[in-house]
Amino acid sequence: MTGTDHAAERGVDPRTVGRRRFLGYVLAAPTLMAAAELVTAPDARADIPSPEITELIDLNDVMTAAALPTSGLITVEVHHDGTVSFALPRAEVGQGITTSTAMLIAEELDVPLERVRVTLADARPELLFNQLTGASNTTISTYTPVRVAAAVARGRLLEAAAVRLGASVGELTLKAGVVTGPAGRSVGIGELSAKAAGARTQQVAVDLKPREQFTVIGKPHGRVDALAAVTGRKQFAMDLAVPDAEPTMVCRPPTINGTVGSVANIAEVRGMSGVTDVVTISTGVAVRAKTFGQCIDGVRALRVSWEPGSAEGASDETVLKRLRAAELPLGLPPLTSSVEGDFTFYFRSNSALETNCAVADVRPDRAEIWSSLKAPIVAKEAIAAKLGLPLGAVTVHVTEGGGSFGRKLFFDAALEAVEISRKIGKPVKLMWHRADDSRQGRVHPMATSRVRIAHLGNTVLSYKQRHTSVSTDLSHGLGEIFTALAAKLPVGDIGFSQTFFQLSQSMPYDFGANSRLLSETDKSFNTGSMRSVYSPDATCARELVVDRLATKLGKDPYRFRRDFLRDDRSRAVLEKVAEVGEWGRPMPAGTAQGIAFHSEYHAVSAVLVEIDCRPETVDRPIRDGVAGPRVTRAVAAVDVGLAVNPRGLEAQMMGCVMDGIAMTLTSSLHLRDGHFLEASWDNYFYTRQWNTPPRLDIIIMPTTTGKPGGAGELGVAASMAAVACAYGRATGTMPTSFPINHGTLSFDPKPTVPPIPDSPTDGLDHVR
């Protein structure tokens with residue numbers, strides 16, 4: 001039966017379901033519960049005169065299509081007290097999606113934002129791909145279903161109020177959670193929630209608000225959890241008071257993925273003050289104690305004989321050699337003129353400010369886990385398989401997380417906590433040490449990228465890019481999406497990583513025939529889908545070669561890009577940063593501007609920066625840190641189609657700019673003898689205050705498409721590329737190795753045995 005026939009059979013005329021009219025359900029429940037209808041994904045357009053895959057379908061489209069069939073399983077509920085609740089099947093890790101989701105509900109239901117309660121849903125296997133957070137997809141995929149569910153609830157409330165107030169629905173108004181009739185009589189939605197509830201599930205059609213009537217969506221709002229965050233009341237995994245769950249940490253190997261050979265003093269450590277349990281597990285030796293300080297003492301006291309790890313003896317140099325051997329050819333040199341670039345990108349840490357952690361309570365017949373998880377269904381399935389329990393006997397609670405950037409797509413802490421709890425028969429509150437995350441956690445893969453642009457005079461004939469990377473682990477759920485939808489994707493018979501690469505990379509310029517290929521090698525490392533995955537490195541390489549071509553042709557880098565960009569929307573963001581950033585203004589020798597462009601997931605961005613590479617700046621003394629060049633100004637303009645919460649988007653872009661500065665100038669891991677030298681944030685140099693631009697402008701462009709595009713990762717690639725281009729213009733030499741300060745080891749590496757370094761002093765000896 002076709003979708004049209006099916007709709008007709010249920011008494012709904014499919015011709016009434018248009019651009020603003022949607023189908024939804026009132027669910028059988030004691031209080032009002034509403035959900036969106038299951039609808040089919042829009043067909044891929046076949047009329048786009050472009051060879052670009054991402055203009056037909058991109059990674060975000062794939063994730064949205066995968067989530068759509070279960071969108072009707074997430075519900076909006078109106079309670080007796082007039083509040084509205086929604087269990088969001090995505091992970092809030094600081095990006096602000098609980099706020100933007102609450103705004104969608106407040107808009108369609110006409111209730112005050114402070115009366116909307118958005119929580120995080122437990123792992124629900126029936127949601128399938130609708131409970132996977134990544135690729136800037138949350139707002140795109142939930143924008144319509146959440147609004148439809150809220151609109152269904154609104155319609156039912158008005159119908160119930162019409163009976164209560166003795167008026168027709170057309171005579172009623174719903175505002176601020178109160179329904180008012182023609183005679184001034186009113187009733188709150190809480191009083192109507194039971195009357196509006198459905199005795200049986202039934203289908204209804206609703207109209208969504210037109211954009212010109214929005215009073216919440218598109219307006220700047222502070223985060224709904226801001227007060228809880230600044231007053232310390234916000235609950236993360238380690239804040240939970242799970243009965244009998246005691247602090248637990250793991251003594252880890254000195255090399256990546258090493259294993260325990262033997263332990264000489266388990267009984268001695270087990271007898272230390274506060275220690276309750278010491279047990280060998282697959283990843284090390286776990287210590288459970290009354291406090292985390294006692295856990296650290298126990299870990300440091302252990303004498304373990306370790307077996308070699310998966311990257312035994314590896315270094316930056318050996319990994320680079322493997323990458324070179326795996327590079328795909330660019331092909332024969334063109335018969336016309338060309339410009340080329342060859343770039344190296346070192347490993348980067350994927351640690352979040354909230355270190356890896358989980359709480360687990362495993363019993364013989366059941367298990368309960370609490371952790372910040374972006375793929376909780378996959379975690380639940382893996383835990384059930386590990387324990388040999390039915391899926392229904394495993395409960396996985398998703399807690400809010402203090403950062404992720406892809407890190408929490410992996411659930412290694414949850415798996416460890418489960419293993420420890422099962423072995424000792426007690427609940428555990430597992431926390432990784434910061435050294436654990438730096439040395440054994442997830443990393444952005446080391447990579448090389450080669451670019452060639454062929455041209456004839458001022459005409460660009462072709463663009464080729466060959467990106468080679470240490471293998472990216474996609475076992476967190478994205479690979480399953482590609483498998484499920486493989487037959488519908490226009491990418492041929494290629495693997496997960498190549499599919500991911502092709503669907504996440506775009507060519508925004510009219511550069512003739514273009515090809516981008518990925519080659520991956522070496523699965524020795526714990527890698528992850530770090531924020532924007534391949535895009536920062538691939539875009540940085542492209543934009544540097546674009547600068548090189550503009551210079552060769554005697555063109556201004558900004559105007560050269562503007563002339564070759566494919567569409568007006570892209571040109572608008574580039575023109576805006578050039579205008580606000582005063583592109584081309586006179587600057588002292590050793591300083592320069594850089595400009596770059598990036599597009600992804602139906603959104604576009606441009607960034608302009610100014611950098612100071614003068615000796616007095618580069619060589620300024622920084623205690624135990626990297627000084628180097630400083631970005632003194634940054635201007636970022638983004639067009640995400642429709643910004644649900646412009647204030648939240650602005651904060652996202654600020655973080656993206658800081659990411660880009662770090663990746664270009666200071667942020668990397670140093671691999672030596674099978675382990676990373678960095679052991680915490682004190683020697684992993686993400687953008688510090690001394691490298692933060694004193695002036696930062698974020699410009700949110702007016703709504704263009706009328707619907708949200710991807711925002712969470714959008715600004716990283718353009719920021720990294722703009723800083724790299726500025727550095728090249730300021731020094732007269734195009735950078736080819738990133739970060740540019742990777743060769744500067746400004747700290748004394750902490751030992752790997754014991755794996756947890758001494759606690760730092762209180763810092764008073766450094767006060768000036």
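Nothing fancy with the numbering, it's 1 onward along the sequence.
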### Query
Between Arg531 and Glu713, is there a side-chain N and carboxylate O pair less than 4.0 Å apart?
no
### Query
Is a side-chain donor-acceptor pair under 3.5 Å present for Glu354 with Ser372?
no
### Task
With sequence neighbours excluded, tell me which residues meet ring pair (Phe, Tyr, Trp, His ring centres under 6.0 Å) with Phe525.
Phe347
### Task
Apply salt bridge (charged side-chain N to carboxylate O under 4.0 Å, His left out) to Arg124 and list each qualifying residue two or more places apart in sequence or on a separate chain.
Glu126
### Message
With a 4.0 Å cut-off on N to O distance, would you call Arg223 and Asp225 a salt bridge?
### Response
yes
### Query
Between Leu391 and Glu381, is a side chain to side chain contact (heavy atoms under 4.5 Å, CB included) present by the stated rule, with each step listed?
CA-CA 7 Å; Leu391 199 59; Glu381 292 169 346; 4.0 Å; yes
### Query
Distance only, no hydrogens: is a donor on one side chain within 3.5 Å (strictly under) of an acceptor on the other, for Asn137 and Thr64?
yes
### Task
Would you kindly say whether Glu520 and Ser497 are connected by a side-chain donor-acceptor distance under 3.5 Å?
yes
### Query
Looking at Trp432, is Arg407 sitting on its ring face, NZ or CZ under 6.0 Å from the six-membered ring centre and within 45 degrees of the normal?
yes
### Query
Where the side chain of Gln440 meets the backbone of Asn257, is there a donor-acceptor pair that is under 3.5 Å apart?
yes
### Polar side-chain atom of Lys423 near backbone of Thr280 as donor-acceptor pair, under 3.5 Å
yes
### Query
Looking at Phe676, does the NZ or CZ of Arg439 lie under 6.0 angstrom from its six-membered ring centre and within 45 degrees of the ring axis?
no
### Message
Check whether Arg442 reaches the backbone of Thr527 with its side chain - one donor and one acceptor, N or O, closer than 3.5 Å.
### Response
yes
### Task
Show your working on side chain to side chain contact (heavy atoms under 4.5 Å, CB included) between Val418 and Leu387 and close with a plain yes or no.
CA-CA 8 Å; Val418 163; Leu387 296 174; 3.5 Å; yes
#### Entry: Thr98 and Glu92 side chains, donor-acceptor separation under 3.5 Å
yes
## Note on the structure
The residue among Val269, Val279, Val299, Val304 that forms side-chain contact (heavy atoms from CB on, under 4.5 Å) with Val285 is Val304
### Query
What do the steps show when you test Val111 against Ile189 for side chain to side chain contact (heavy atoms under 4.5 Å, CB included), and what is the final call?
CA-CA 9 Å; Val111 297; Ile189 61 172; 3.5 Å; yes
### Query
Quick one: does Thr201's side chain have a donor or acceptor within less than 3.5 Å of a partner on Ala28's backbone?
yes
### Message
If you count heavy atoms of other groups shown closer than 6.0 angstrom to CG of Asp244, is the number above 12?
### Response
no
### Query
Ignoring hydrogens and geometry, is there a side-chain-to-backbone donor-acceptor pair from Thr133 to Ala91 under 3.5 Å?
yes
### Query
Just by distance, do the side chain of His444 and the backbone of Val533 share a donor-acceptor pair under 3.5 Å?
yes
### Query
Atom CD1 in Ile377, atom CD in Gln131: separation rounded to 0.5 Å?
4.5 Å
### Query
Can you tell if the side chain of Arg90 reaches within under 4.5 Å of the side chain of Ser141, non-hydrogen atoms only?
yes
### Task
Indicate yes or no for a side-chain donor-acceptor contact from Gln294 to the backbone of Thr291 under 3.5 Å, with no hydrogens or angles considered.
yes
### Task
Assess the side chains of Asp412 and Asn356: does a donor N or O sit below 3.5 Å from an acceptor N or O?
yes
### Query
Does the side chain of Phe86 reach to within under 4.5 Å of the side chain of Leu88, using non-hydrogen atoms?
yes
#### Entry: Side chains of Leu157 and Leu109 in contact at under 4.5 Å (non-hydrogen atoms)
yes
#### Entry: Heavy-atom check, side chain of His433 versus side chain of Met431, under 4.5 Å
no
### Query
Under the 3.5 angstrom rule, does the side chain of Lys408 hit a backbone N or O of Val93 as a donor-acceptor pair?
no
### Query
Is Arg366 close to Val394 at the side-chain level, that is, under 4.5 Å between some pair of heavy atoms?
no
### Message
Quiz question: by atom type and distance under 3.5 Å, do the side chains of Ser85 and His79 form a donor-acceptor pair?
### Response
yes
### Query
Salt bridge between Glu416 and Arg252, side-chain N to carboxylate O under 4.0 Å?
yes
### Query
So, Ser371 side chain and Leu373 main chain: donor-acceptor pair closer than 3.5 Å or not?
no
### Query
Any chance the side chains of Arg288 and Thr276 put a donor and an acceptor closer than 3.5 Å?
yes
### Task
Please step through salt bridge (charged side-chain N to carboxylate O under 4.0 Å, His left out) for the pair Glu400 and Lys234, ending with a clear verdict.
CA-CA 9 Å; Glu400 293 202 30; Lys234 195 173 171 71; 2.4 Å; yes
#### Entry: Contact check, side chains of Thr248 and Lys429, non-hydrogen atoms, under 4.5 Å
no
### Query
Distance from Met272 atom CE to Asn265 atom CG, nearest 0.5 Å?
9.0 Å
### Message
Could you check whether any side-chain heavy atom of Leu227 comes within less than 4.5 Å of a side-chain heavy atom of Arg233, counting everything from C-beta outward?
### Response
yes
### Query
Are any side-chain N or O atoms of Glu108 and backbone N or O atoms of Ile105, one a donor and one an acceptor, separated by less than 3.5 Å?
no
### Message
Test salt bridge (charged side-chain N to carboxylate O under 4.0 Å, His left out) on Lys426 and Asp361; report intermediate values, then the result.
### Response
CA-CA 7 Å; Lys426 303 171 185 176; Asp361 184 359; over 6 Å; no
### Query
With a 4.5 Å limit on heavy-atom distance, are the side chains of Pro376 and Asp122 in contact?
no
